[in-house]
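Reviewing the structure listed below.
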Amino acid sequence: MAISQNYKRPKTGGAELRTPVFFYAYVPNEGPFPGESQKKIMHKAMAEVYNPSMKDWELLNTKNTKRAVTINIRDPLNEYQPTNKHVVELQDFHFLDEKENYIRWNVIDVQPNSKDSRFIKIILGVTS
């Protein structure tokens with residue numbers, strides 16, 4: 001059986017998905033005081049994390065973003081769909097703030113991965 005010479009290995013695979021990510025939604029505080037502080041875990045996944053491309057930075061600059069990353073995760077299909085109302089924590093020591101807490105990233109944009117439909121690309125940013 002001959003192997004097709006046109007086959008190209010997908011860029012993102014299981015070995016590149018090294019960073020645990022947690023997607024949260026904030027829920028209103030219980031009681032008479034306004035605000036949202038309690039979080040609810042919406043989804044957990046492993047992600048490939050990398051710096052945003054120039055095309056991504058064009059989108060990020062319109063949102064007044066101070067810091068940004070792009071992640072690829074396996075497409076959860078109907079189980080979960082990330083939106084810009086969700087917050088993401090990347091569970092990696094590279095993404096700790098001054099107080100040793102994980103940085104909370106806002107979901108800026110969600111796109112299907114153009115090179116591999118098994119994944120989705122999510123642009124994350126810390127906005128001012």
Does the gap between the ring centers of Y80 and H86 come in under 6.0 Å? yes
Min side-chain heavy-atom separation F95-R104 under 4.5 Å: no
Which residue is it: V21, I122, D109, L124? I am looking for the one with a side chain to side chain contact (heavy atoms under 4.5 Å, CB included) to P82. I122
Heavy-atom closest pair (I73 atom, M46 atom, distance to 0.1 Å) is CG2-O, 3.8 Å
Donor-acceptor contact present, side-chain E100 to main-chain L96, <3.5 Å: no
Q111 side chain reached by I120 side chain, heavy atoms, under 4.5 Å: no
Value for NZ (K121) from CD1 (I123), rounded to nearest 0.5 Å, stands at 5.0 Å
I want to check something: taking the side chain as every heavy atom from C-beta on, are L90 and V69 in contact at a cut-off of under 4.5 Å? yes
Closest non-hydrogen atom pair between D75 and Q81, with its separation: OD1-NE2, 4.0 Å
R67: partners by salt bridge (charged side-chain N to carboxylate O under 4.0 Å, His left out), with sequence neighbours left out: none
Show, in sequence, the C-alpha distance, side-chain angles and deciding distance for Y24 and H43, and conclude whether the side-chain hydrogen bond (donor to acceptor under 3.5 Å, both in side chains) test is met. CA-CA 7 Å; Y24 296 101; H43 185 68; over 6 Å; no
Could you walk me through whether R18 and D92 pass salt bridge (charged side-chain N to carboxylate O under 4.0 Å, His left out), step by step? CA-CA 9 Å; R18 297 184 186 126; D92 186 329; over 6 Å; no
Measure the shortest side-chain to side-chain distance between V107 and T83 over non-hydrogen atoms and say whether it is less than 4.5 angstrom. no
Under the 3.5 angstrom rule, does the side chain of N113 hit a backbone N or O of S117 as a donor-acceptor pair? no
Tell me, do I71 and W105 make a side-chain contact under 4.5 Å, heavy atoms counted? no
Please evaluate residues D116 and R118 with respect to the criterion salt bridge (charged side-chain N to carboxylate O under 4.0 Å, His left out), reporting the C-alpha separation (whole Å), side-chain torsions for both, the decisive distance (0.1 Å), and the verdict. CA-CA 5 Å; D116 191 345; R118 298 175 302 159; 2.7 Å; yes
Gap separating the CZ atom of F22 from the NZ atom of K44, nearest 0.5 angstrom: 5.5 Å
Using the side chain to side chain contact (heavy atoms under 4.5 Å, CB included) criterion, which residues pair with A68? Sequence neighbours excluded. P52, W57, L60, T65
After noting the C-alpha distance and the side-chain angles of V126 and I103, does the key distance pass the side chain to side chain contact (heavy atoms under 4.5 Å, CB included) rule? CA-CA 8 Å; V126 176; I103 296 171; 3.6 Å; yes
With the side chain counted from C-beta on, respond yes when I108 and L59 share a heavy-atom pair under 4.5 Å apart, and no when they do not. yes
